[in-house]
Every structure is written in structure tokens, then in C-alpha cells.
Amino acid sequence: MTSTQTEPASPRRRLRRTAGALLVALSLGLPLVAASPASAEATPTPSPTPTPQHAGVQLSLQPDGNGSYAPGSPLTATLILRNDATTGLGAGTVHLELGRAPLGDRRAVGAWLDGSGDAPALSPIGDVSTTVLDAEGTSRTQVVVPGTDVGALAPGVYPLQARFDTTPALTDAPAPARSALVVAQGAPATVITVVPFTATPAGDLLSAAELTALTAPAGALTAQLNGVAGTGAVLAVDPSIPAAIRVLGAGAPATAAAWLARLEALPNERFTLQFGDADATAQAAAGLNAPLTVDDFDPFVNPTGKTPTTPAPTPSTTAAPGQSPASPAAIAGARTDILWPRGQVTAGQIATMSHYGAPGTGTLSILPSTTFAAGAKDAPVASRGAVDGAPVLVSDEAVSEALSTAAGQSDAVARGGALTEANAMLWFDAPGSTVLAGLSRADTRSEEGLSSAITTFSGGQDGRLDRVLSGAPTELTVSTESAEDRAAAVVALNADADRLAQFATILERPADLTVRERISMLRLLGVGVHTTPEDFAAALKTHRTSTQKTMGAVGIQPSNPILISPKVDVPAWVRNDLPYPVRVTLNVSSSDSRIDVPAKTEVEAQPSSTTRVRLPLESHVANTELTLSMSLTSPTGVAIGPTQTARLTIRAEWEAIGLIVFGSLGVLLIGAGIIRTIRRRRAAAAVHAADGMDDSGASEDGPTDPADAASDPETGPQTQALADGNAGSAPADRETNE
């Protein structure tokens, strides 16, 4: 009935395959095929000890040719059985089943493959016996089902399934592996694949460290560039990536500079996304007549804001053929007349976006097929269309989703399942038609998966948008509605940006704030981020809170002093939490006209600091209480922060009172010193009297001993003479008395 070969599951081979066993995705039902057991050849393997149940058993089935099948020919496929359990798996049987009626449309195909729909009637086409499988082992079996067992099949997409069972039955049996057979109905459709190149930074632009990681040999951007090299993919590049590399100049990582040079050297057709991959439909819904752009990169090229000693020559606005354009965000050879927004849009917004190009030129919007009434139930839509005269390009959403899955798969079997799904979806396109497929936004992809997704259905032709644009447009009707939450967000963000621009006039270079705000806005509106309303609302709130915090980073911190002099300096502080110096004018007005205070004071506040300002005040009244109203304005007169008030109490008479008090204290201190001195001298005299000395003839400052007095050069002779005279007259006195 069938001829089958089973790959021996040797221990060494199983060990090698365990390292690459990323077949988890296949357990979700990615399309894979199985074959007949009657002629299966299996290498006998010793049976392990049976266990009552096995967890983590997965079955996958992959038909050759991504499911393409020619009626009457043998059906060949690969059967993969993986045992992630810690115990061995006994021998079993895989039953192959095929539906005899084709699936009706793409919705039915998708429901069959992902298991969300009811299983159609299936007929057995053969069984495959499996051998014992060790714990954490994987086996592959090539199976062949003869054409006679497959039976006659008309063009269409047929459900194909493989079921695994053992005796006794497993408590946790693997889910059936679902796939599809695609019976062609003519020349296959050719797919032009558009690949977005995006990278989400932590801040405004990718940093040198982020670029180093992304452009390393194993980096995400390198893998994507390797994946598109040699293919006919159309490249859609976020201009913020080359801008981040170029503004670093000599400080850019060598790998990043080489990556950009290699990108621009590729022959692939390319166009630029909006900066930060922002959504143009949200801007059109907000009523913007032109999309938001980023034109000034000086805050990144010259972060200090200082004028270089030798100014660099002004770059020209155009570039020579083959050279990079002057703008850091430009990409050599890239078209700028294509937009790739979200699909939630109205006919009026499509008309608005058609004028988003350079003056005098129009733009084309790439929109998913589900945007239009013709794309109901994932039905295919012509790749070139028009909405009320506005031209559009249409990407096949069902094919795009399948190829996006394949592009992210590094495992060949999982990738094969996604490619089979894409093949099944393409069957519903007109034979020989050209289908446009846009891969989903993703910062990381598998190099092998991306290359396979691009080339499998390209028909060996280069992907040129001209092949799509050369066809006659099909008139289309929009069936979606505008995302009002995003439109309202753009209005609010623009209002915040206008207020921030006025606030930024306090900087020597306002672009230090305004450019970063614009980039942050565009990243918030990115097509590939904040995809759910809840995530977007949370991100919007965070962004607006941050903007308000920035505008509140400069303000006044007044003081409330008590002044005891009619002339005094009143202190005030200007707070600057920004990382840039600011120039502001401090405006002061008094509630009492009898108080003179400067109405305006120019202040230069340094980054991340608080600057003290002295306000000379003169009062023409002795006692009063007043308030000083203080506000800040930018050099252009824009109010900065809220007005603050300082409450002052002036007590000018306290100055005289203070002088009297301090004078009295001085007199008291001097008097106390005199009294203390007198008391000390009296105490000293008392001490001398107690020692028998004549205090009346002695001086505290002179000698009291005759011998000492005689030795004194000034008083000594006189003292000595007096002493001698007294001594000579003493006998005469005695005699007279007698």
C-alpha cells in the first residue's frame, strides 16, 4: 500500500536531535503529513520498561513541497515523534487521515490548522507503526502513501491529519497533527514580500551599546540583513536606525557602520517607513495635513550645544548618485512615496494620506486586505487598488501572517508548517497573480526562516513593486473604522508638544527638548508597538505624565522671612531639574506700593541645581506685612511654572530697639568689668594687710621694701634719702623729750 522508511532512533542520533528539538510549535498543529504503515520499515529498538502514562509526547506531520500535491502521484511526508517525558515511550501506531472534500475558504483552512474549527469528515489512507522512543528522544519517519490510496482529488485544499495511539492508551496522548494538501489549479501565484527593518531603543535613538548588540555577528539586525541578502525582498527601513548610527559619527560601533554600508549596497528595492515606524493613519485621523517628521538632529550630533571652533560645512540637501543623502535619517536609493500604516482607516483618511508626500507628489499606502469589504473572511484582494481615486497597495493578510510565522522560525519543521499554511492560503488567489505580502513588525527574526519566507513563493523573480503598480487598479470599498483613541491621542500629543515648545524657549537650544519630544511621540505611535487599546492607553498616559514633569522641571522656591531693616536682600531660589542650563526672568510685584523691589531679574540657572537669587528690597514704612508675587518667564515672555508668593513681615523699628538693647548690654558689660576690677584690687590689699604690710605707704604698682626701693632707678634715691633723714633725727627728738 505504501512504502515507508523509518530513520533509526540510535542513542547518538537522538542526542544530536534533542539539541535542535524546537518542535514545540508543531505540537500546536502546524501542517505536517504522515504515511501508510503497511510498508513502513523500522529499525527494531529494545523496548524500555513500560510506564502507565507519558507526558510531553508531540506528533508533527510535514508533507513534502509545503503541501503541494499532484493528483495520482505518491504522497510523501515526514512524520516527527518527540518524547519530552522523562520516561520512555513504547511502540505505537500513527493513523493517517485525509478529508475527501476541500476546505471552503481561508477561514475554514485557518480554523482547521489551528484546531479552532470542527474537524471535517476524514478517511484513513494508511497507518505507520512506530518503534520504542527513549525519554527526551525524537524520531523521524519518511512515509510514502501510494497515489491509489490517496485517491482522486480535484483542485483545492484538503485537510490532512495524523493521530498517534498506543496500547495501552496514553493518559496524556499527543494532539493530532494537522496539515493540508494543496492541489494546484494552474500556475501558482507569485509573492512579493515586504520586510520591515525596525529596532526599538530604550530611549530616543539607539545607543552605541544597543547598536553594538544588534549589529554583532549574532545580532538581530545582522540576522535580518543576512536573511534578505540574495533575495528579491522589498525592504522597508525605519529611518531612525541609520540616524542613530550617523549621529554617533566616529563614536558609532564599527559593526553598525558596516551594517549600514552593506544595507545601502544591496540591490533590493526599498522605501523608508515613517520615523520610528509611526502610524500615518492616526495622524490622518487627527486631521494633520502633513505627517510628523524629525528634521533636526543637532541635539544628537552636538550634544553639548557648544559651537565648534571650526564649524563644519553645511551639507547639501541632495547627494551624488550612489552616495548617502545628507540627512542622518536618509537611506540611499530608498523611495519616500510609500506609507505602511495600520489597517484601521477610513476612505477620507486614505485620501488625506495620499497627499503626505513631498510637495507636488503623491503617496501610496500599503494596507492589509482585511481593510476592505472584498477581504471579508480573509478572502484575497487584488494587490493594486484605489479608494475613491486614491491609490493603494494591498497586502494579503492571510499569506502575510503565515509568512511572518515562518520568518520567525529557526526550526526547519516548524517553519515548514507555516510555509504549508501560506501555500494553502495562496491557493485562493487567482492562478498566476502577483500577491503582495508584508511581514509583521518584529525586531528579531530567524535568518533561515526569513530567507525561506521570502524565496519559497517568489517564483525566482526579484520583488519589484513596479510589477504590482503596472496592473490596473481595482476599485475598493473600505470596511474598517478609524481608531478614534489614537486620533485623540495625536491631538493631545500635539497640544502637549506645542506647550513644550514654548517652555523650551528657556534653553539656549530649544531643540534639546522639542526634538526628543517629537521622537518620543512618533515611537509611541509605532505600528508594531502598543498593539492593544489597553497597552496604548497605558503608554500614552506614561508619555504625557513625563511631558508634564519636564514642563514642571523649572520653578520658584520662595522664602517667608521677617525683615528688621528697611533695606535688605530678600532671598528666592530658582529650581532647575533639567540637564541643561536655562535662562529665565524672575518677575516680582509687591502687594504694598510703599515697598521697592526689582520688578525683573535675569537668572541663569545651571543644570540640575537650585540657584539663589537676592532681591534688594527697600521699605518706606516701619511696620507692615506684605506678599511678593513671583513668576518666571522665558526670554520670549512665555510663563514658566506657576506663580509663587512670599509672605514678608517688616519690623523696621526693631532695628533702633536692637541698637538700644545692644548699647545697654554694652554699658552693663563695661560697668561689670569695672566693678570686677575694683573688687579684685580690694581683695589683693586685704591679702597684703593680713601679711603685716602697711597698705598706706605701699603702692600696688611700686616696691614696698626699702631695699627694693633703693634699687629702683627712678624712685630709689628719693626713698633712700628720706629713710636716712628719718634715721638721723631720731636721737635729737628723744633728747628733747627727755
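Side-chain atoms are counted along with the backbone in the values below, which use heavy atoms only and exclude waters and symmetry mates.
In this structure, the side chains of L403 and F457 come closer than 4.5 Å at one or more pairs of heavy atoms. Using a 4.5 Å cut-off on side-chain heavy atoms (C-beta onward), I245 and W259 make contact. In this structure, P341 and L367 have side chains that are in contact, with non-hydrogen atoms separated by less than 4.5 Å. Two residues are said to be in side-chain contact when any heavy atoms from C-beta on lie closer than 4.5 Å; R441 and L273 meet this criterion. Within the 4.5 Å cutoff, the side chain of D496 has heavy atoms near those of the R544 side chain. Within the 4.5 Å cutoff, no side-chain heavy atoms of I366 are placed close to those of L339. Using a 4.5 Å cut-off on side-chain heavy atoms (C-beta onward), I506 and L632 make no contact. Side chains of L263 and L235 form a contact here, defined as non-hydrogen atoms less than 4.5 Å apart.
T193 OG1 to I454 CD1: the interatomic distance, rounded to the nearest 0.5 Å, is 6.0 Å.
Annotation for T531 and R342: closest pair CA-NH1, 4.3 Å, computed over non-hydrogen atoms. For the residue pair A414 and Q409, the shortest heavy atom distance occurs at CB-OE1, 3.4 Å. When all heavy atoms of A284 and M353 are compared, the closest pair comes out as CB-CG, 3.7 Å. The two residues I350 and V387 come nearest to each other via the heavy atoms CD1-CG2, 4.0 Å. For the residue pair V381 and A374, the shortest heavy atom distance occurs at CG2-C, 3.7 Å. Residues D114 and S116 come closest through the heavy atom pair OD1-OG, 2.6 Å.
Within 6.0 Å of atom CD in E508, 12 or fewer heavy atoms from other residues, nucleotides or ligands are found, so the atom counts as exposed in its surroundings.
S369 places a side-chain N or O within donor-acceptor distance of the main-chain N or O of E397, the cut-off being under 3.5 Å. Within the 3.5 Å criterion, the main-chain N or O of L469 finds a donor-acceptor partner in the side chain of R384. Between the side chain of S179 and the backbone N or O of G417, no donor-acceptor pair lies under 3.5 Å. Judged by distance alone, the side chain of R467 and the main-chain N or O of D462 form a donor-acceptor pair under 3.5 Å. One N or O on the side chain of Q283 and one on the backbone of L292 form a donor-acceptor pair closer than 3.5 Å. Remark: the backbone N or O of G343 is paired with a side-chain donor or acceptor of T371 at under 3.5 angstrom. For E210 (side chain) and A202 (main-chain N/O), a donor-acceptor pair under 3.5 Å exists by modelled atom type. Side chain of N268 to main chain of T231: a donor-acceptor pair is present (N/O by atom type, distance under 3.5 Å, no hydrogens or angles). Between the side chain of N576 and the backbone N or O of Y580, at least one donor-acceptor pair lies under 3.5 Å. Under a 3.5 Å cut-off, the side chain of W112 and the backbone N or O of R107 do not form any donor-acceptor pair.
No side-chain donor-acceptor contact under 3.5 Å links S634 and Q502. A donor and an acceptor atom, one from each side chain of D204 and S520, are nowhere located under 3.5 Å apart. A donor atom on one side chain and an acceptor atom on the other are not found under 3.5 Å apart for S446 and R415.
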| task | Give the C-alpha distance, both sets of side-chain angles, the deciding distance and a yes or no for salt bridge (charged side-chain N to carboxylate O under 4.0 Å, His left out) between R486 and D279. | result | CA-CA 9 Å; R486 294 179 183 270; D279 179 21; 5.2 Å; no

| task | Using the salt bridge (charged side-chain N to carboxylate O under 4.0 Å, His left out) rule, take D396 and R106 through it: C-alpha gap first, then chi angles, then the decisive distance, then the call. | result | CA-CA 12 Å; D396 193 310; R106 285 178 165 181; 2.7 Å; yes

| Could you walk me through whether N289 and T352 pass the side-chain hydrogen bond (donor to acceptor under 3.5 Å, both in side chains) check? | CA-CA 7 Å; N289 294 323; T352 299; over 6 Å; no

| Step-by-step side-chain hydrogen bond (donor to acceptor under 3.5 Å, both in side chains) determination, T281 to Q344 | CA-CA 7 Å; T281 58; Q344 292 177 293; over 6 Å; no

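R516 forms a cation-pi arrangement with F300, by the criterion of a distance under 6.0 Å to the ring centre and an angle within 45° of the ring axis.
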